[in-house]
Amino acid sequence: MNKKYRLLFLSTPVGALGSGIGGGVELTLQNAAKALMAKGHEVEIVAPEGSVTNVTKLTPIAGNSQVSAQTQVGTDMVVLPQDSVLENMWSYAREVQDQFDLLFNFAYDWLPLYLTPFFHRPIAHWISMSSLSPVIDAMVSKTVKLCPQAIAVNTRACANTFSDGDRLMIMGKGIDVTQYNFVAKPEQPSLAWVGRISPEKGLEDAAETAQATGLPLRVFGLIQDQAYWQQIQTDFPKAEIHYEGFLSTHELQQKLGQSSALLMTPRWIEAFGNAAIEAFACGVPVISYRSGGLTEIVRHGKTGFLVDMGSVAGLIKAVSQLDQIDRLVCRQQLEAEYSLEVWGDRLEKWFEQLITNYKI
Ligand code: UDP
């Protein structure tokens, strides 16, 4: 029988868990907790005040939100607000570390990486984004040299964006398949787009595709940039765009399942793209730009189509070929590659190595 671990998860400091500000990492953290709890481990979560989860015990921490990495592209300095929630979360972690076997960090930030060798418990890091800033990239390199195997990413494509990418663990991802209903045929043809509404996610290309094909486009997600969102309405007046809001996973999957395809049109190197596997779980094919982790998820011609980044003509052509895709194959790919069981085994092995090899 495997040893059962006590694990402390530290959430993203950019916003409350459940708010959507953290993007895919919010679901990733909760799914990782579920995957490890199903294997008998104990998990507690530390997250900014206002966070909610029904997965396990959560300790809220006060303080000012951290600046999101998306606004720090290319920046070569560390920014921390006064009374930073990130700083406060790690002060709390330092106080309680003895109650745990391992700490699991979900912040894409310099500070937790820097702190790794100062704690007397091993710290595992989940890096949910591709390399964006030289200062984080350099700290990733220093940390993996001091603490080998301490840092994981989702995909090889994401690892390759870091200067020491070959030292990073490639961990994939898992979702709770039981939370998603398979839909063999949607009632009406329509397109879906899921994500934070922010320029790096490229919603305008999906809007242009909707306008050109005449198909309605349902948009799900938090509006992070109101001016950008308004500009899209102005630029594509004939596109039938329905904004559905930021929905719970349960509501999202119900509506997403009714789509003919999910469009994923990121203008950055997408580290993974949670929305893609959530679409597969509902039987929805994914038409995506050939970007980062999405190239490892979408099987061209089988579970969707990969087109060149920025090619709206490619998106339109792919929409016209959707009848080539068997929706059941999408669900089957999800079950085979992204179940919580498979992911939980991988995470457990990783933690076992970190805990066993840890030297104070
Ligand atoms: N999401 C959600 N409700 C919505 C729209 C999106 O819960 O109405 C979640 C979605 O389930 C996914 C995340 O937002 O987990 C978006 O993650 P992704 O990795 O696709 O992009 P990121 O925002 O991390 O860049």
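Nothing here was measured: the structure is a model prediction, and the numbers come from that model.
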same_hphob_cluster(Met89, Leu115) at 4.5 Å side-chain heavy-atom cutoff = yes
Check: Is there side-chain contact between Leu168 and Ile127, with heavy atoms separated by less than 4.5 Å?
Finding: no
Checklist entry - Do Trp268 and Val135 share a hydrophobic cluster, counting only Ile, Leu, Val, Met, Phe, Trp and Tyr and linking them when any side-chain heavy atoms are less than 4.5 Å apart? => result yes
- Proximity of Trp126 and Tyr108 rings by center, below 6.0 Å: no
- Item | Pair Lys255 + Glu244, salt bridge at N-O below 4.0 Å | yes
message = The test is side-chain hydrogen bond (donor to acceptor under 3.5 Å, both in side chains); show your working for Ser248 and Glu251 and say whether it passes.
response = CA-CA 5 Å; Ser248 67; Glu251 294 168 311; 3.2 Å; yes
Item to check | Same cluster (ILVMFWY, side-chain, under 4.5 Å), Ile269 and Ile136 | outcome: no
Grouping ILVMFWY residues whenever side-chain heavy atoms fall under 4.5 Å, the cluster of Leu334 otherwise contains Leu27, Ile175, Val177, Tyr180, Val194, Phe220, Leu247, Leu252, Leu256, Leu262, Met264, Phe272, Ile277, Phe280, Val284, Val286, Leu294, Ile297, Val298, Leu306, Tyr338
Item to complete: State yes or no: do Phe100 and Leu10 share one hydrophobic cluster built from I, L, V, M, F, W and Y residues joined by side-chain heavy-atom distances below 4.5 Å, directly or via other members?
Response: yes
**Prompt:** Would you find a donor on one side and an acceptor on the other, under 3.5 Å apart, between the side chain of Gln66 and the backbone of Leu86?
**Reply:** no
TODO: Would you confirm whether the ring centroid of Trp90 sits within less than 6.0 angstrom of the ring centroid of Tyr114?
DONE: no
Would you please say whether a donor-acceptor pair under 3.5 Å links the side chains of Asp176 and Asn31? no
Sorted by chain and residue number, the side-chain contact (heavy atoms from CB on, under 4.5 Å) partners of Thr59 (sequence neighbours excluded) come out as Lys57, Ile61, Tyr92
### Message
I'd like to check Val319 versus Thr209 (side-chain heavy atoms, cut-off strictly below 4.5 Å). Are they in contact?
### Response
yes
Exactly one of Leu102, Asp101, Val96 clears side-chain contact (heavy atoms from CB on, under 4.5 Å) with Leu8, and that residue is Val96
Please verify the inter-ring angle class for Phe106 with Phe9; under 30° counts as parallel, over 60° as perpendicular, anything in between as tilted. tilted
Test of understanding: clusters of I, L, V, M, F, W, Y form through side-chain heavy atoms closer than 4.5 Å, transitively. Do Ile151 and Met169 belong to the same one?
no
